[in-house]
Amino acid sequence: MKSDFHQLLDTAEPAALGPEARSSRKSIVEIHKVLEPLVASVKLSPHKSELVRALVLLWHDHLDESHEIAQQIADADGSLLHAIMHRREPDFGNAKYWFHRVGRHAAFPEIARRAKESATDESEKALLKLICPNEEWDPFAFVDACQRARSSQANTTSFLVKVQEAEFSTILDYLTAS
C-alpha cells in the first residue's frame with residue numbers, strides 16, 4: 001500500500017523550494033478524496049494520518065493548512081514537517097529552530113541516501129557534500145542551501161528541488177511504514 005500513497009506526491013512538476021503555488025497543485029478536496037480511503041485501507045493511526053495529511057498538503061503548496069496541523073503535533077515528526085513548512089515559507093531561522101526540536105530523525109539516513117542518488121554531475125556532488133557531510137543528512141545545511149539558491153540566481157535550484165522531492169518521498173515512506 002505504500003506505493004499507493006505516492007500517488008499523492010505524483011504531480012506534473014515538483015514542489016518549489018519556496019511558497020510558490022503551482023497551477024497543477026491538487027486542491028484540498030482532491031487530496032482528501034484520495035487520502036481518506038488510503039488511510040482507512042492501511043489503518044493508519046489518527047496521529048500518523050494527520051502527519052501524512054500535513055506532508056501531502058505541504059507538497060501541494062497548501063502551506064497554511066499544513067502549518068495548522070504540524071504545529072499541533074508535539075513530537076519529532078510534527079516538528080520535522082513544521083520545519084520544512086517554514087523552510088518553504090521562507091522563514092529560514094524559524095525552520096532551523098524547528099529542526100533543532102527534531103534532533104536526529106529516523107528518516108535522515110534514508111534522506112541522505114536518496115539525496116546521494118539524485119546527484120549526477122560534479123557540481124551536484126559538490127553541493128551534496130555540503131548538505132550531507134560525512135554522508136549524513138544535515139537539515140540545517142539544506143536550509144542554508146535553499147536560502148542561498150533563493151537569494152541568488154544560482155543554478156543549484158533544480159538539484160535542490162530533486163533533493164526536496166527525495167526528502168518528501170522518504171518521509172512519506174517513513175510515516176506509512178507498518
Side-chain angles (χ1 to χ4, degrees), residues 1-73 75-90 95 98-99 102 105-120 124 128 131-132 137 139 142 146 149 157-178:
M1 272 303 186
K2 269 194 307 191
S3 62
D4 290 343
F5 278 96
H6 280 275
Q7 69 182 301
L8 293 161
L9 302 182
D10 187 19
T11 53
E13 54 190 315
L17 296 177
E20 300 81 17
R22 297 161 286 169
S23 61
S24 63
R25 75 180 181 165
K26 289 184 178 144
S27 71
I28 294 172
V29 171
E30 290 173 302
I31 292 166
H32 286 147
K33 190 183 226 182
V34 175
L35 181 60
E36 297 306 319
L38 285 173
V39 166
S41 71
V42 297
K43 297 180 176 80
L44 275 185
S45 70
H47 178 73
K48 291 280 187 179
S49 77
E50 282 299 284
L51 289 162
V52 170
R53 189 162 67 101
L55 179 74
V56 173
L57 288 169
L58 185 55
W59 178 257
H60 287 278
D61 311 323
H62 299 287
L63 276 64
D64 291 339
E65 294 81 0
S66 176
H67 186 241
E68 281 182 38
I69 297 166
Q71 70 184 356
Q72 299 301 317
I73 302 173
D75 63 14
D77 296 334
S79 294
L80 177 62
L81 297 179
H82 203 158
I84 294 168
M85 190 287 307
H86 282 296
R87 186 185 72 216
R88 285 199 58 204
E89 193 172 31
W98 285 100
F99 277 121
V102 172
H105 195 276
F108 286 176
E110 182 63 12
I111 294 171
R113 189 188 71 71
R114 292 185 191 184
K116 184 178 180 181
E117 288 177 353
S118 299
T120 56
E124 290 176 351
L128 181 68
I131 61 177
C132 291
W137 179 247
F142 190 65
C146 291
T157 302
S158 63
F159 174 65
L160 296 174
V161 166
K162 285 193 299 187
V163 171
Q164 178 177 257
E165 193 169 4
E167 175 188 47
F168 272 78
S169 179
T170 301
I171 294 168
L172 183 61
D173 287 345
Y174 166 79
L175 292 173
T176 58
S178 301

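None of the values given here were measured: they were computed from a predicted structure. Residues take their numbers from the sequence shown, with the count starting at 1.
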All side-chain contact (heavy atoms from CB on, under 4.5 Å) counterparts of [X], not counting sequence neighbours:
X	value
Ser23	none
Glu30	Lys26, Ser27
Val161	Pro14, Leu17, Thr157

Mark yes or no for whether [X], through its side chain, and [Y], through its backbone, hold a donor-acceptor pair below 3.5 Å.
X	Y	value
Gln164	Ala15	yes
Ser169	Ala166	no
Ser79	Val102	no
Arg25	Asp61	yes
Arg22	Glu13	yes

Next item on the list: Could you tell me which residues satisfy salt bridge (Lys or Arg N to Asp or Glu O under 4.0 Å) with Glu124, sequence neighbours excluded, listed by chain and number?
Entry: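 If we apply the salt bridge (Lys or Arg N to Asp or Glu O under 4.0 Å) test to Glu124, skipping adjacent residues, the hits are Lys162.
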Next item on the list: Just jot down the salt bridge (Lys or Arg N to Asp or Glu O under 4.0 Å) partners of Glu50, sequence neighbours excluded, or say none.
Entry: Arg53
Check: Taking only residues at least two apart or on different chains, which pairs with a member in residues 40-62 satisfy ring pair (Phe, Tyr, Trp, His ring centres under 6.0 Å)?
Finding: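 Passing the test, one end in residues 40-62: Trp59-Phe168.
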Notebook entry, point to check: Where is the tightest heavy-atom contact between Leu81 and Leu51, given as atom of each residue plus distance?
Noted result: CD1-O, 3.3 Å
